[in-house]
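Every chain is numbered from 1 and lettered A, B, ... according to where its sequence line falls, protein lines coming before strand lines. These numbers come from the heavy atoms of this one structure, side chains and all, not from hydrogens, waters or symmetry mates.
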2 protein chains.
Amino acid sequence: MLSPTAVSPVAVRHANPASLASAPVRQTAARCSACAMRHLCMPQGLTSDEIPKLEALICSVRKVRRGEALYRAGDHFDNLYAVRSGSLKTLIVHRDGREQITGLQLAGEALGLDGIANDTHAFSAIALEDSSICTLPYAALKNLCRETVTMQDRLHRLMGDQFNREASQMMVLGSLSAEERVANFLLDVSERNWQRGYSHAEFHLRMSREDMGSYLGITLETVSRILSRFQKRNLIDAQGKLIRIVDIEGLRAL
Amino acid sequence: MLSPTAVSPVAVRHANPASLASAPVRQTAARCSACAMRHLCMPQGLTSDEIPKLEALICSVRKVRRGEALYRAGDHFDNLYAVRSGSLKTLIVHRDGREQITGLQLAGEALGLDGIANDTHAFSAIALEDSSICTLPYAALKNLCRETVTMQDRLHRLMGDQFNREASQMMVLGSLSAEERVANFLLDVSERNWQRGYSHAEFHLRMSREDMGSYLGITLETVSRILSRFQKRNLIDAQGKLIRIVDIEGLRAL
DNA sequence: CGTTTCTTTGATCTACTTCAAGGGGAGTGG
DNA sequence: CCACTCCCCTTGAAGTAGATCAAAGAAACG
C-alpha cells in the first residue's frame, strides 16, 4: 500500500487521514454497509465488549444537500462527524468576506475538529454534493476515551493527523508553484480515494475551479489553465469535474 | 483582555494559544517561577489532589542552544514540550530541500504535537535562541487524561487550538497580500507576547527575515521592504530584530 | 577585530492576477 | 423532449505584486 508520503511531494506523513479508526483498509471501506462510522471506529484493536459502547455513541445519520451547511462558523460545537457518503468542503470566512477553503472531506473522512478548542466551530462545513453524515457526540466520545485506551489513542491520532494534514497544506501554500500545487492536490485526492476503496485513477472532484483555487491559494483561471496544460501534456484527462489521472509519475515529477 | 480575534485579521478564534492550561493569565505568567509548565498546567480547575500528579509528570528541563534542534523530523515521538524560556521555530523539510516554517513558539507555548499522528515527528523544532524546555512524557500524560476530565479537556483544547492556529495560517498564506501577512504576523506575536505578560508593543523577534518570509510564504527581501515601508508610515519602529509597534490600529487596518 | 551572516535597497523580470468575452453543461420549465 | 437560463469553465490579453538578481551596509559572533 502506498503511503500518502509517497504520493504527496509534501513531506508530512499522514498515518490515517481517516478518522476515529486506524486506516480503514481498502477492502473494509469497499464493503462498507450501513454506516461508515461502524467500520471507521471498529477496526483492529477494540475488544468485543468495547464495540457496543462505541456503536451506542453513533446517534444519528444526517443528510445534507448540496450547498447546505453541516455546521457554520460560530455554531456551538457538540459533535464530530464522519462522511458516510458524498463530500464536503470546510472553509474560514474572513471578516472582509474573503473565504479560504481549508479542506476537502471525502467519504470515510472525519470533520468537526475545528470546534474543539472553543466549543464553537471555527470553520463552516458545506456539502459539495448531497451527502450523508454520521454524528458522534463529542461529550460521549470523551467519556469513552477515558475508559478505553484504544479509543483515546484513536482520537488522538485523528487529531494529530488532521494537524499534520494542515501543516502539509501550509507547505503547499507557502512554498509550491501553482503547477506544483495543482499536481499535489490531484495526487492527494487520488490517494485518498484509493485508500477508501475507490479508483486511484479516476474520480469526480465536486469542488468548483474556484473552490480548488481558494484551497490552493490561486485563482480559478490559473487552476483551469493548469488543468488544460496538464491535459495537453497527457498527464491527466479532465472533463469538467471528472478527472482521470493518466500519468501519475509525471504528476509526481513536477 | 483583547481576544486574539480582535488582533488578527484572520477570523479563527484561538482560545488559549498556550498549552496544557487554560490561558495562563497575564499575572500568572509574569511571576512565573521555576518552570513555566507548573503554571501552565496548574491553573483553574484542577483539584488539589490532581496537582501533584501533574507535577510528577514533568520529568526534566532541557536546554537547547540557539540553532540546535529540540527534535527533528523523523525522530521518535515521546514527549510534548513547553517552552520555559526562549523561543523556537518548527519547520517541515520538503524532499527537494525547500523548507517551510510552520510555526513560532514563544515562552509559555507548547510544541511537539506533530508527533502524535505517527509516533514520529513530522516537524523539526529549532531553537531561535538559547532556550529551556519542559518535557512532558506523552504516555504518562495520556494516562493522566484518562483519570482526570480536566486534564483530558485541557489536552484536547491544546490540540484543537493548534489546529485552529494552523488553519488561521492557511488563510494567511492562501488569501492575504504580502503586506497583510506581515502586519498580521506582527500583531499575532504582539498579542501572544502580551498574553504571557510581556510587552504588547515591543519585543525581540528572533526569527531572521528569511524565517519570517518562509513562514509567511514570501521572500526575505519582501519582508524587509515591507518592514521598511511600515516604518516610513510610522506603523512600527524596527531596529533589526527589536520590533516596536507604534500604531497598532494602523496595522490592524491593513 | 576581523569574518561571517543578516539586512536593506535598487533594478529587472516573470508568474500569476485581473479583466474580458465566448462556450458548454446541467438543471428547469414549458 | 426541447429550449432557456444560469452557472461554471476556458481562453486570451494586459497589468502587477512579488520574485530574482545584485551589491553594499550593518549586526552578530568567535
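Per the geometry, CZ belonging to B/Arg65 stands 11 Å off P belonging to D/dC29, to the nearest Å. Distance CG (A/Leu220) to P (D/dT10): 10 Å, rounded to an integer number of Å. B/Leu128 places its CG atom 12 Å from the P atom of C/dC6, with the value rounded to the nearest Å. Distance, A/Arg209 CZ to C/dT17 P: 16 Å, rounded to whole Å. Following rounding to the nearest Å, A/Leu227 (CG) and D/dT10 (C1') show an atom-to-atom distance of 11 Å. In this structure, CD1 of B/Ile236 is placed 13 Å from C1' of C/dT8, rounded to the nearest angstrom. At whole-Å resolution of the value, CD in B/Glu210 and C1' in C/dT8 are 15 Å apart. A/Leu242 places its CG atom 11 Å from the P atom of C/dA26, with the value rounded to the nearest Å.
Listed nucleotides D/dC9, D/dT11, D/dA19 differ in distance to B/Thr222; the shortest reach to its side chain belongs to D/dA19. Of the candidate nucleotides D/dT10, D/dT20, D/dC9, D/dT20 has the atom nearest to the side chain of B/Thr219.
Environment of CD in B/Gln231: crowded, with over 12 heavy atoms of neighbouring residues, nucleotides or ligands closer than 6.0 Å.
Within 3.5 Å, no donor on the side chain of B/Arg181 pairs with an acceptor on the base of D/dG18, nor the reverse. Residue-to-nucleotide contacts include a donor-acceptor pair under 3.5 Å from the side chain of A/Glu221 to the base of C/dC19. Side chain B/Arg225 to base D/dT20: a donor-acceptor pair is found below 3.5 Å.
Base engagement by B/Ser224 is indicated by at least one non-hydrogen atom pair under 4.0 Å involving a base atom.
At a threshold of 4.0 Å, the pair A/Lys89-A/Glu99 does not count as salt-bridged, since none of the basic side-chain nitrogens sits closer than that to a carboxylate oxygen. Using a cutoff of 4.0 Å between basic side-chain nitrogens and carboxylate oxygens, B/Glu180 and A/Arg98 are scored as salt-bridged.
Comparing A/Ile226 and B/Ala238 by the nucleotide of DNA chain C whose heavy atom lies nearest to each, the residue mapping closer to the 5' end is B/Ala238. Mapped onto DNA chain D by nearest heavy atom, B/Arg66 and B/Ile218 fall at different nucleotides, with B/Ile218 at the one closer to the 5' end.
Contact between the side-chain N/O atoms of A/Lys241 and the OP1/OP2 oxygens of C/dA26 is not found at any separation under 4.0 Å.
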Please walk me through it: do A/Gln162 and A/Glu166 pass side chain to side chain donor-acceptor pair (under 3.5 Å)? CA-CA 6 Å; A/Gln162 301 237 2; A/Glu166 280 192 352; over 6 Å; no
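Put simply, the residue from B/Glu129, B/Glu109, B/Arg206 that forms a side-chain hydrogen bond (donor to acceptor under 3.5 Å, both in side chains) with B/Ser87 is B/Glu129.
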